[in-house]
Amino acid sequence: LCLFFSVGPKGRVLSYEIRKDHHNLAKKNYRQWRAAWEKGHTEEWPNNVDFILKDISTAAEDMKSVTLDAIVLDMLNPQSALPVVYPSLKQGGVCAVYLANITQVIDLLDRIRTYKLPFMCEKIIEVTYRNWLVLPAKMKHCKSSPMVETEENHEEPPQKEYGDIHIQDQVVLQESECDESHSDDDEKANCSVPYIARPSYWQEGHS
């Protein structure tokens with residue numbers, strides 16, 4: 001979706017995919033996205049994505065007829081595709097590469113240096129995201145601030161398997177003592193329901 005908005009309705013995206021199931025899924029997602037766009041806009045989003053079922057590393061002849069403003073590679077061996085696509089990239093164009101681990105990054109940089117490809121490594125970043133738990137704490141009575149205990153406060157044994165420790169966050173709220181001399185109306189008026197807001201301990205990452 002970021003690519004669609006980057007090129008805008010007047011630009012064009014070339015999508016090369018070697019796996020047929022991924023190729024078909026990409027086309028399906030694009031059709032659904034265009035349909036959703038039409039519901040909120042008066043103009044139709046143009047059909048400006050070419051889906052090509054082919055290994056980009058073998059598309060040298062295809063690249064001779066195109067000029068690219070930017071290249072995005074999400075594949076196991078991007079170093080095999082760079083010699084094919086870089087002649088079509090405009091001077092000063094951008095190439096972004098998604099890799100799963102830093103060893104692949106080093107292999108890519110080594111290939112660029114060895115083959116003297118005209119690329120400069122601008123930066124290497126790790127893209128991470130974490131889910132957040134945000135919900136109101138439910139209390140029967142309240143005057144004092146509640147105490148919150150989460151699963152994160154308990155260390156898991158190191159021998160636990162991935163599936164055992166990657167569990168849904170649970171929140172246990174301890175009820176606070178209330179002064180029985182106050183009526184229910186007074187308690188409701190003085191009761192400030194707190195919100196639990198904290199990030200999940202599990203973090204996803206991609207380099």
Side-chain angles (χ1 to χ4, degrees), residues 1-8 11 13-19 21-30 32-34 36-37 40 49 51 55-57 68-82 85-86 89 92-114 117 119-137 146-173 194-207:
L1 296 182
C2 292
L3 288 176
F4 303 155
F5 288 115
S6 296
V7 303
V13 175
L14 299 178
S15 172
Y16 279 82
E17 176 55 58
I18 192 172
R19 287 183 51 172
D21 54 340
H22 288 179
H23 172 78
N24 292 334
L25 180 60
K27 292 194 294 184
K28 176 183 176 181
N29 290 339
Y30 182 56
Q32 292 177 344
W33 181 83
R34 289 185 68 207
W37 171 272
V49 180
F51 293 95
D55 184 356
I56 186 65
S57 302
L68 306 174
D69 295 292
I71 298 171
V72 178
L73 299 176
D74 189 356
M75 53 191 299
L76 291 176
N77 298 302
Q79 54 266 32
S80 64
L82 282 181
V85 298
Y86 91 81
L89 185 63
V94 176
C95 177
V97 181
Y98 291 93
L99 292 169
N101 59 67
I102 197 63
T103 304
Q104 291 174 293
V105 174
I106 295 173
D107 290 342
L108 175 62
L109 294 178
D110 186 62
R111 177 65 66 90
I112 291 174
R113 178 186 60 83
T114 303
L117 298 177
F119 286 100
M120 179 185 69
C121 180
E122 181 178 351
K123 59 182 176 180
I124 300 172
I125 63 173
E126 181 181 18
V127 181
T128 61
Y129 70 90
R130 291 188 299 179
N131 293 321
W132 273 76
L133 177 71
V134 179
L135 74 165
M147 296 179 62
V148 177
E149 182 179 2
T150 68
E151 291 291 341
E152 189 177 24
N153 294 333
H154 303 283
E155 293 185 0
E156 292 287 347
Q159 67 271 18
K160 284 284 186 179
E161 295 294 334
Y162 171 86
D164 295 331
I165 63 174
H166 194 189
I167 61 175
Q168 185 176 0
D169 293 314
Q170 300 292 328
V171 175
V172 180
L173 187 64
Y195 267 76
I196 313 295
R198 65 167 179 79
S200 172
Y201 68 87
W202 192 262
Q203 180 172 288
E204 306 291 343
H206 210 294
S207 61

Discussion item. Would Ser15 and Lys27 count as a side chain to side chain contact (heavy atoms under 4.5 Å, CB included) here? Give the steps.
Written reply: CA-CA 10 Å; Ser15 172; Lys27 292 194 294 184; over 6 Å; no
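- Here the side chains of Val49 and Trp33 are not in contact, with every heavy-atom distance at 4.5 Å or above.
- Summarising the geometry of Leu99 relative to Leu108, their closest heavy-atom pair is CD1-CD2, 4.2 Å, with the distance given to 0.1 Å.
- Between Glu122 atom CD and Cys95 atom SG the span is 11.5 Å, to the nearest 0.5 Å.
- With hydrogens and angles ignored, the 3.5 Å screen pairs a side-chain donor or acceptor of Asp55 with a backbone N or O of Ser57.
- Within the model, atoms CG of Asp107 and CG of Leu76 stand 12.0 Å from one another, a figure rounded to the nearest 0.5 Å.
- Looking only at side-chain heavy atoms (C-beta outward), Asp69 and Val7 stay at 4.5 Å or farther from each other.
- In this structure, OH on Tyr98 lies 11.0 Å from CG on Leu73, to the nearest 0.5 angstrom.
- Here the CD1 atom belonging to Ile106 is positioned 15.0 Å from the CZ atom belonging to Arg111, to the nearest 0.5 angstrom.
- His23 and Glu17 get closest at one heavy-atom pair: N-CG, 3.5 Å.
- Atoms CG and CD, on Leu109 and Gln104 in that order, are 12.0 Å from each other to the nearest 0.5 Å.
- Ile56 is listed as a side-chain neighbour of Val85, based on a closest heavy-atom distance under 4.5 Å.
- Residues that satisfy the side-chain hydrogen bond (donor to acceptor under 3.5 Å, both in side chains) test with Asp110, not counting sequence neighbours, are Arg113.
- How far CG of Leu25 is from CZ of Arg19: 10.0 Å, rounded to the nearest 0.5 Å.
- Ring pair Phe51/Tyr30: centre-to-centre distance below 6.0 Å.
- By the 4.5 Å heavy-atom criterion applied to side chains, Ile112 and Gln79 are not counted as neighbours.
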